[in-house]
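The block underneath contains the structure these notes are about, expressed in structure tokens.
FYI, side chains are in, hydrogens and waters are out, and symmetry mates aren't considered; it's all heavy atoms of this structure. Worth saying up front: this structure is predicted, and the values here are computed from it rather than measured. The sequence lines fix the lettering, A, B, ..., with proteins before strands; numbering per chain opens at 1.
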Protein chains: 2
Amino acid sequence: MANRVDRTKEIMEATAKLLMEEGSEGLTLRKVASRCGISLSNLQYYYPGKTALLQAMAAHFFRVCEERVLAERDKVLHDDPASAQVFLKRLLTLMIVCELDDFYHVLFRELWALAARDATLAEGMRTYYCRYAAWLTSQINELFPRAETITSLLIPYSEGVALVGDAMPVSNEAMVSVWYQLITGQPDTVKI
Amino acid sequence: MANRVDRTKEIMEATAKLLMEEGSEGLTLRKVASRCGISLSNLQYYYPGKTALLQAMAAHFFRVCEERVLAERDKVLHDDPASAQVFLKRLLTLMIVCELDDFYHVLFRELWALAARDATLAEGMRTYYCRYAAWLTSQINELFPRAETITSLLIPYSEGVALVGDAMPVSNEAMVSVWYQLITGQPDTVKI
DNA sequence: ACCTGAACACCGTTCAAGT
DNA sequence: ACCTGAACACCGTTCAAGT
């Protein structure tokens, strides 16, 4: 028996799958409804518009991003609590090279597309990035000086790389070492 | 009498205006055609699909960006041919704080919004950023060492700032001086 | 070469109606 | 509260036909 929670979860998963398989241009309410075995109008009952559906996806996106970085920190600091260098290297690699997988990369672009026209979503995005910046600053602050400056350099850079990184003359992998040297003042000799 | 050049220019301007006024969601071929006083199918004659129209729009966008920076360089180097510092300061201010005026800032977001739904346009964007990066590198190369690295840092950062700059702990104005010191190795004492 | 209107398959949204 | 089908206005694309 499908209650409200099950149904919304089912819709969320169908939306995610559809985005992965057909890209953002292939995401239509009719297809989502069809995958859930419900009518188009019933989908509209749970999410009263396409924007509402994508807003829910946005919340999911932010949650995953946060968990991803937190997991990285815990993993490294568990291995060697004193190894600030390794954590930095991993953090830079995560932010610049790995970014997120394709699915979340598509979602990231789609969210900015929506935010350009949806003031509420745009404000939500800003709040998320403020929180993200504060958190990153506190993480860096324990290990390196000028944490606020580093954050203000690194977050915009990493988001920009997600857009234009593959068109730059220096590879993203090489840029990790550039950033490492920029922050520590020493050449990158960390192997991960 | 409208020849081909006039017609395409007219279409281009109508597209830009429409994007500005109604955003990427409001941009439809019918509206563009209507604004130009031509039929939908005639618009399709000049631009055989929506993607083709958007590609032309992107080309226009990048041309303006390039001209903007070139004008800035000429203005400064005319005043004092030796003043690489002033040019750098102006370039950084242009890229980080001013970016472009509102119109092109909106256009920038809308283009990425559209590129998320249009693979061909996304590839076109990549090509333009490659050219932009090569050009910026050549500009910097005459004045400062490690031009490719600077380009690979600065372009993604400036695009990222356009998205999340207002959520960072350090203001964009202050970040100009940070970048100045990063590139020159000296404190920013340039007044503009 | 330039331009038109009609038709096609699809989209998001709305709504009266059922359980 | 949950779900449906039909209808609406709109979209990009195609195409036979005009000048």
Can you tell me how far apart CD (Gln55(A)) and OH (Tyr47(A)) are? Round to the nearest 0.5 Å. 11.5 Å

Are any of the side-chain nitrogens in Arg35(B) or Glu21(B) under 4.0 Å away from the carboxylate oxygens of its partner? yes

Please work out which of the three classes, parallel, tilted or perpendicular, describes the rings of Tyr132(B) and Trp135(B), given edges at 30° and 60°. parallel

Between dA9(C) atom P and Arg30(A) atom CZ, what is the distance in whole Å? 14 Å

Would the distance check show the side chain of Thr15(B) and the main-chain N or O of Ile11(B) forming a donor-acceptor pair, the cut-off being under 3.5 Å? yes

Mind calculating the distance between CD1 (Ile11(B)) and C1' (dC3(C)) to the nearest angstrom? 12 Å

Do Ser39(B) side-chain and dG5(C) base share a donor-acceptor contact under 3.5 Å? no

When you measure from the side-chain N and O atoms of Tyr45(A) to the phosphate of dC3(D), is any distance below 4.0 Å, counting only OP1 and OP2? no

Dot-bracket encoding per residue of DNA chain C, Watson-Crick/G-U cut-off under 3.5 Å, | denoting interstrand: ||.|||||...|||||.||

Counting just side-chain N and O atoms, does Arg7(A) come under 4.0 Å of either OP1 or OP2 of dA1(D)? no

Short side-chain N/O contact to dC2(C) OP1/OP2 from Asn42(B), under 4.0 Å: no

Ignoring backbone atoms, establish whether Tyr46(B) has a side-chain N or O less than 4.0 Å from OP1 or OP2 of dA1(C). no

Integer-rounded Å distance: dG12(C) P and Glu25(B) CD: 12 Å

In whole Å, I'd like the distance from the CD atom of Gln44(A) to the P atom of dC2(D). 16 Å

Donor-acceptor contacts, no H, no angles, side chain residues 146-156 of chain A, under 3.5 Å, sequence neighbours left out:
| unit_1 | atom_1 | unit_2 | atom_2 | d |
| --- | --- | --- | --- | --- |
| Thr151(A) | OG1 | Thr137(A) | N | 3.4 |
| Thr151(A) | OG1 | Thr137(A) | OG1 | 2.9 |
| Thr151(A) | OG1 | Ala147(A) | O | 3.2 |
| Ser152(A) | OG | Glu148(A) | O | 2.9 |
| Ser152(A) | OG | Val170(B) | N | 3.0 |

Rounded interatomic separation in angstrom, taking CG from Leu40(A) and P from dT4(D): 10 Å

Can you label the angle between the Phe62(A) ring and the Tyr128(A) ring as parallel, tilted or perpendicular, going by 30° and 60°? parallel

Closer to the 5' end of DNA chain C via nearest nucleotide, is it Pro48(A) or Thr28(A)? Thr28(A)

Report the C-alpha distance between Met12(A) and Thr8(A) in whole Å, list the side-chain angles of each, state the deciding distance to 0.1 Å, and finish with yes or no for side chain to side chain contact (heavy atoms under 4.5 Å, CB included). CA-CA 6 Å; Met12(A) 214 76 270; Thr8(A) 51; over 6 Å; no

Same-atom distance (P) from dA17(C) to dC2(D), integer angstrom: 22 Å

In whole angstrom, give the distance that lies between atom OH of Tyr47(A) and atom P of dG12(C). 16 Å

With the side chain defined as heavy atoms from C-beta on, Lys50(A) is closest, among dG12(D), dG12(C), dC3(C), to dG12(C)

For the pair made of CD1 in Ile38(A) and C1' in dT4(D), what is the distance, rounded to whole Å? 11 Å

Rounded interatomic separation in angstrom, taking CG from Leu43(B) and C1' from dT13(D): 12 Å

Any idea which of dT4(C), dT14(C), dT13(C) is nearest the Ser41(B) side chain? dT4(C)

